[in-house]
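I have placed the structure first, in the form of structure tokens, so that the comments after it can refer back to it.
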Amino acid sequence: MTDDVESNGPIRDKLIARKEEWAREGRLLTGTTGDPERDRLPPGQRLVRDWPVLDLGAEPDVTPQKFRLDVDGAVENRLSLRLDEFMALPQAESISDIHCVTQWSRYDNLWKGVAARTILDRVQPKPDARHITFHSYDGYTTNIGLDQFDQPDVFVVHEWAGKPLTRAHGGPVRMLIPRLYFWKSAKWLRRIEFTISNRPGFWERRGYHNNGDPWLEERYG
Ligand SMILES: Nc1nc2c(c(=O)[nH]1)N[C@H]1C(S)=C(S)[C@@H](COP(=O)(O)O)O[C@H]1N2
Ligand SMILES: [Mo]
């Protein structure tokens with residue numbers, strides 16, 4: 001399958017091939033659903049204490065000079081922010097759990113950044129906007145519904161556990177959508193594009209679920 005992510009050698013190609021195979025075979029599926037009111041760990045997940053790094057292997061060096069965050073598409077007011085302008089937006093902290101589709105979960109992550117709802121207030125999505133595509137500096141893309149973005153625990157983050165987000169974890173700025181599998185939380189965030197139609201992203205085009213709710217085990221689809 002072709003898209004805008006450039007091939008980066010055998011390691012990443014192998015990772016992509018393995019994850020496509022998981023999707024075809026429905027690996028890790030337990031066939032049950034979880035209840036976030038009752039359980040903390042979604043079905044088929046296991047708890048880790050460290051924080052694994054998962055990406056396509058490119059890990060771009062996004063310097064403050066290079067950084068831009070564009071918010072555009074089906075909105076009334078587009079934004080194009082330098083890093084200092086992004087940092088000058090109202091900041092908030094949030095604690096949430098991470099659930100990765102490759103089965104690990106990590107509890108109690110302390111994040112700092114700009115709430116998705118702060119961004120929604122500024123840009124004012126047009127009435128027919130329904131979806132969002134995140135674009136990253138490594139060429140990665142992922143999509144979510146506007147209803148999933150418009151949640152109190154969704155943030156554009158730049159700190160984890162009181163420290164600047166490292167390059168490996170997507171610094172300077174990444175998405176955080178804790179109610180969905182972690183592949184939806186784009187690292188090295190470059191652009192938030194509001195769209196009218198649904199546009200599947202990198203993993204969504206390779207057998208992964210359009211929505212990705214861990215409680216419903218929406219791993220593949
Ligand atoms: N830009 C970008 N964002 C990305 C990815 C990627 O390859 N590129 N991988 C996704 C996947 S599959 C996961 S599980 C999480 C991993 O984030 P972490 O490395 O901070 O744990 O990032 C997501 N965001
Ligand atoms: Mo992932």
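Counting starts at 1 for both ligands and their atoms, in listed order.
Using the six-membered ring where Trp is involved, Phe182 and Trp111 have ring planes that are tilted, between 30° and 60° apart. Ring pair Phe86/His158 is perpendicular by interplanar angle, where above 60° counts as perpendicular and below 30° as parallel.
For atom 14 (S) of ligand 1, the closest non-hydrogen atom of the protein is Cys100 SG, 3.4 Å. Here the heavy atom of the protein found nearest to atom 19 (O) of ligand 1 is Lys187 NZ, 2.5 Å. Of the protein's heavy atoms, Ser185 O, 3.1 Å lies nearest to atom 24 (N) of ligand 1.
When non-hydrogen atoms are compared, ligand 1 lies under 4.0 Å from the backbone of Trp183 as well as from its side chain. When heavy-atom distances to ligand 1 are checked against a 4.0 Å cut-off, Phe202 has no atom that comes that close, whether in backbone or side chain. Of the heavy atoms in Phe134, none comes closer than 4.0 Å to ligand 1. Under 4.0 Å from ligand 1, heavy atoms of Phe182 appear from its side chain as well as its backbone.
For the pair Gln151 (side chain) and Asp147 (backbone), a donor-acceptor distance under 3.5 Å is present.
Considering backbone and side-chain atoms together, Trp203 places no N or O closer than 3.5 Å to any N or O of ligand 1. Ligand 1 has no nitrogen or oxygen under 3.5 angstrom from a nitrogen or oxygen of Val53. Considering backbone and side-chain N/O atoms, Asp55 never comes within less than 3.5 Å of an N/O atom of ligand 1. Among the atoms of Asp138, some N or O lies under 3.5 angstrom from an N or O of ligand 1. No N or O atom of Lys19 sits closer than 3.5 Å to an N or O atom of ligand 1.
No side-chain donor from either of Trp188 and Glu59 sits under 3.5 Å from a side-chain acceptor of the other. In this model, a donor atom of one side chain and an acceptor atom of the other lie less than 3.5 Å apart for Asn109 and Trp160. Using modelled atom types, one finds a donor on one side chain and an acceptor on the other under 3.5 Å when comparing Thr30 with Glu217. Side chains of His209 and Glu204: no donor on one and acceptor on the other come within 3.5 Å.
Counting atoms of ligand 1 from 1 in the listed order, those under 4.0 Å from a heavy atom of Trp104 are 21 (O).
For atom 22 (O) of ligand 1, the candidate residues are His135, Arg174, Lys184, Arg190; the nearest heavy-atom contact is made by Arg174. Among His99, His169, Met175, Arg106, the residue whose heavy atom lies closest to atom 18 (P) of ligand 1 is His169. Considering only non-hydrogen atoms, atom 9 (N) of ligand 1 lies nearest to Leu54 out of Asp50, Leu54, Leu15.
Ligand 1 does not have Tyr208 within reach: every non-hydrogen atom of the residue lies 4.0 Å or more from it. Residue contacts with ligand 1: Gly170 is excluded, as none of its non-hydrogen atoms falls under 4.0 Å.
In this structure Asp128 satisfies the side chain to side chain contact (heavy atoms under 4.5 Å, CB included) test together with Lys126, Ile196, sequence neighbours excluded.
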Checking Arg40 against Asp108 for the salt bridge (Lys or Arg N to Asp or Glu O under 4.0 Å) test, could you report, in this order, the C-alpha distance in whole Å, the side-chain angles of both residues, the deciding distance, and whether it holds? CA-CA 11 Å; Arg40 187 144 183 206; Asp108 292 324; 3.0 Å; yes

Verdict with reasoning, Tyr208 to Trp203, per ring pair (Phe, Tyr, Trp, His ring centres under 6.0 Å): CA-CA 5 Å; Tyr208 285 77; Trp203 288 119; 5.5 Å; yes

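Heavy-atom neighbours of Arg78 CZ from other residues, nucleotides or ligands within 6.0 Å: at or below the threshold of 12.
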